[in-house]
Amino acid sequence: MEILKQIAEALQQGDDEKTRALANDAVAQHATAKRILDDGLIAGMNVVSEQFKKQDIFLPDVLLAARAMYAGLDVIKPLLLQEKVQPQGRVVIGSVQGDQHDIGKNLVGIMLKGAGFEVTDLGNDVAPERFVETAQSENAQVIGMSALLTTTMPAMKRTVDLLAAQGLTGKVKTIVGGAPVTAEYARSIGADAYGYDATNAVEQVRRLVKGE
Amino acid sequence: MRPTVRFLTDDLVRQILDEARDILTKLGVEIHNPGVVKLLGEHGARIDQDKNRVYLPAELVDRALKTAPHGFKLFDTLGNQTHDLSGLNLHFTPGSAALNVLDHETGAMRRPKTADYVRYAKLLCGLKHIAAQSTAFIPDDVADGISDSYRLYLSLRHGEKPVVTGTFTVESFNVMKDMQLAVRGTEAALREKPLTVFSCCPTAPLKWSNVTSQNVVDCARWSIPVEFISMPLSGFMAPVTLVGTLVQHTAETLSGIVISQCARAGAPMLYGGSPAAFDVRYETTPMGAIETMMIDCAYSEIGRFLGLPTQAYIGLSDAKLLDAQAGLESSVGVTLAALSGINSVSGPGMLDFESCQSLEKLVLDNEACGMALRMVRGIEPKDDFPALPLFEEMLKEKHLLIAKHTRRHLKTEHYFPGKVIDRANRPRWQESGGLTLGARAHAEVERLVREWTPPRVNDDVRKELKRLMSTEAKRHGMERLPGNDE
């Protein structure tokens with residue numbers, strides 16, 4: 001459908017108003033919410049991600065596209081529920097216990113939402129228990145934890161351990177990130193993934209949700 | 001405010017100029033070209049025929065300074081303006097006339113071939129912070145007699161940017177002028193839109209050879225801009241002090257201005273040079289020496305004091321590889337040149353005391369030039385006052401990444417370097433191969449050469465350039481030019 005292509009293009013241009021209007025038009029033309037999502041919004045976002053990777057466009061362009069994505073999702077959300085379309089995945093994110101830094105975590109949240117994930121952002125200073133409880137209540141597949149301080153990093157391990165203690169290892173995957181965190185550290189505490197920046201975090205979450 | 005740096009007070013500039021005038025009056029310059037000597041005599045210079053000495057009275061120098069233009073523009077082969085060489089405008093061109101190239105594959109310095117030059121010319125099309133080509137090195141697979149004209153030919157055949165060049169003989173001027181006429185179409189068009197700058201070098205101390213003095217005259221007559229490249233060597237062929245070196249540089253350069261303005265009042269030129277400290281430990285002329293760069297900046301202040309556009313060989317390195325020394329010396333030079341307000345900076349790509357060009361270094365230096373061009377735009381308010389609304393927006397939206405203010409100013413306020421400069425975090429750098437600077441620079445060389453598109457001059461121009469070059473080559477005993485230059 002031509003209109004889905006137009007949605008993808010409006011999203012690439014970062015035009016949220018146009019994306020919203022076109023999504024409404026598409027609904028009026030009886031496109032299914034799933035097709036609007038897959039062939040319009042996500043198709044557009046995939047192009048944006050590729051351009052960003054090649055440095056043809058910069059982060060603000062990606063975030064504008066993400067904003068257009070939200071606008072489109074707003075329109076089709078009720079229909080997605082009706083059609084019982086599952087989101088790309090559900091992710092709970094937060095800065096770990098004792099850590100008040102959230103700039104990086106916020107960026108990851110924006111990028112994840114832009115990529116079509118449902119994101120529950122628990123904010124800062126999030127205790128392991130809260131991560132695990134929320135993941136279960138929200139039926140999330142992934143917990144994303146951020147730390148900026150070496151002193152708060154151990155809270156990541158406590159969350160991973162708590163999941164294990166509750167028999168949730170493998171069912172709820174974990175990804176960690178933040179300036180002092182490394183891939184080695186992620187491995188050493190038994191986290192399932194490490195994201196070295198927001199873009200990479202989205203790729204890693206996508207991989208985790210696919211069960212890779 | 002455009003940031004600037006100064007090394008000389010106005011009083012010191014005046015004193016240096018007075019001393020230089022005194023030297024020109026009392027010691028004069030040695031000129032090994034009877035025609036030029038005669039010309040200067042006709043304009044009031046005192047001549048000592050037996051010693052080839054020409055004494056330039058202060059009135060003659062002052063008259064020349066009055067007619068010397070305060071700037072000029074350059075135009076590419078399509079006739080579009082690329083340079084305004086005046087005021088504090090900043091333009092870069094590769095260091096010129098190296099004997100060697102640094103071979104990336106072997107790491108060795110070697111004599112360049114035509115194929116190297118073509119790669120260089122193609123690369124330069126893609127380096128957007130280097131506004132002019134230069135005939136950067138000398139292919140050794142052609143007859144010596146055409147080694148100057150052939151470089152210009154290859155540059156005009158493969159690139160569009162104007163060319164900083166020069167001749168090695170009196171005779172070569174003709175064909176090099178004809179090539180420019182071929183591009184512009186008419187003599188009037190060439191006078192109106194200069195395409196090249198010819199380097200003309202006096203010999204230290206206070207001497208002009210037959211060739212270089214004749215070049216100055218020939219260029220002036222055709223309104224082809226020249227850059228005077230005085231090369232005093234502090235402590236060897238010039239006083240050891242920086243002020244003493246500046247006096248010599250000033251005298252030599254003023255003598256060039258006199259020759260040029262006597263040949264044709266109003267002839268365009270750059271107050272340039274390539275002075276150097278002399279390293280008495282190694283008997284070398286370090287272009288990366290801080291004193292070399294200080295002399296460059298200081299003489300450009302003298303040039304600007306006289307109201308003239310300036311040039312310098314600065315931003316070069318004496319390193320033999322694309323190593324940290326190369327980066328250090330070049331970036332100090334480029335930064336100082338930019339702050340000093342030198343109009344045409346000849347340096348990018350050059351290693352080993354002006355003797356070796358490196359394509360990979362050109363890619364790196366292009367970024368130093370980009371940074372310098374950003375720096376001289378300075379810090380200016382842009383929708384910044386009142387500041388309150390933007391801060392309110394930031395607190396409300398939690399960031400400014402997609403704010404209108406950000407989107408409006410991001411790409412002009414910040415300079416984003418190319419891929420040779422690594423700004424990725426370590427995991428991302430590792431993921432993309434963990435490449436060294438040399439490897440990244442080489443990848444960019446390969447990409448830009450691959451993405452090169454032929455210049456847009458019309459076929460008639462192309463054919464005429466080829467005809468001129470073939471005729472010149474035959475005159476020097478070469479029936480065919482190397483390789484397939486198509």
Side-chain angles (χ1 to χ4, degrees), chain A residues 11 13-17 48 52-71 95 101-111 113-114 121 123-124 148 175-187 193-204, chain B residues 126-129 363-364 366-367 370-371 374 382-383 390-391 393-435 437 439-441 443-448 450-451:
Chain A
L11 183 138
Q13 288 154 11
D15 190 335
D16 54 343
E17 287 311 317
V48 169
F52 181 54
K53 246 191 204 163
K54 284 193 279 177
Q55 292 180 14
D56 293 341
I57 59 170
F58 296 167
L59 189 57
D61 308 302
V62 179
L63 299 189
L64 286 168
R67 192 175 68 175
M69 175 79 145
Y70 306 161
S95 298
H101 302 89
D102 63 0
I103 295 174
K105 180 267 297 169
N106 290 346
L107 194 55
V108 171
I110 296 170
M111 302 284 271
K113 279 192 222 166
D121 186 346
N124 310 329
L148 189 81
I175 175 169
V176 294
V181 182
T182 61
E184 291 72 33
Y185 180 76
R187 262 195 300 278
Y194 161 70
Y196 58 71
D197 61 20
T199 314
N200 184 243
V202 173
E203 284 171 16
Q204 296 295 335
Chain B
L127 299 178
K128 63 179 175 186
H129 307 300
V363 167
L364 176 65
N366 179 54
E367 298 299 343
M371 288 168 70
R374 167 62 190 95
K382 300 196 180 89
D383 305 329
L390 195 57
F391 283 80
E393 184 180 346
M394 178 155 59
L395 293 181
K396 179 166 164 267
E397 300 292 331
K398 302 211 166 51
H399 62 81
L400 289 175
L401 277 164
I402 56 175
K404 278 212 173 82
H405 186 262
T406 304
R407 283 182 277 153
R408 195 175 310 136
H409 297 297
L410 177 69
K411 288 186 182 170
T412 48
E413 193 71 353
H414 296 267
Y415 168 63
F416 293 97
K419 290 189 175 152
V420 68
I421 301 295
D422 169 43
R423 286 191 184 170
N425 63 22
R426 190 141 53 105
R428 185 163 167 184
W429 169 73
Q430 270 162 340
E431 195 181 88
S432 44
L435 300 178
L437 175 114
R440 293 194 302 274
E444 281 295 275
V445 169
E446 292 299 324
R447 180 180 71 81
L448 289 166
R450 197 170 55 238
E451 290 175 3

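Throughout, a chain's letter reflects where its sequence line sits, starting with A, and its residues are numbered from 1.
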Which bit of A:Asp197 is near chain B, if near means a heavy-atom gap under 4.5 Å: side chain, backbone, both or neither?
both
Residues that A:Arg187 engages under salt bridge (charged side-chain N to carboxylate O under 4.0 Å, His left out), provided they are two or more places apart
A:Glu184
B:Lys382, NZ atom: more than 12 neighbouring heavy atoms under 6.0 Å:
yes
Interface moiety of A:Ile110 toward chain B, non-hydrogen atoms closer than 4.5 Å
side chain
What part of A:Leu59 gets within 4.5 angstrom of chain B, counting heavy atoms only: side chain, backbone, both, or neither?
side chain
Look at the side chain of A:Tyr194 and the backbone N and O of A:Val181, then say whether any donor-acceptor pair between them is shorter than 3.5 Å.
yes
Under 3.5 Å, side chain of A:Asn106 to main-chain N/O of A:Ile103, donor-acceptor pair present?
no
Can you list everything that forms a salt bridge (charged side-chain N to carboxylate O under 4.0 Å, His left out) with A:Asp102? Sequence neighbours excluded, please.
none
Taking atom CZ as the centre, does B:Phe391 end up with more than 12 heavy-atom neighbours from other residues, nucleotides or ligands that are less than 6.0 angstrom away?
no
A:Glu203: which residues meet the salt bridge (charged side-chain N to carboxylate O under 4.0 Å, His left out) condition with it, sequence neighbours left out?
A:Lys53
Mind checking which of residues 398-414 of chain B sit less than 4.5 Å from chain A, heavy atom to heavy atom?
B:His399, B:Leu401, B:Ile402, B:Arg407, B:Leu410, B:Lys411
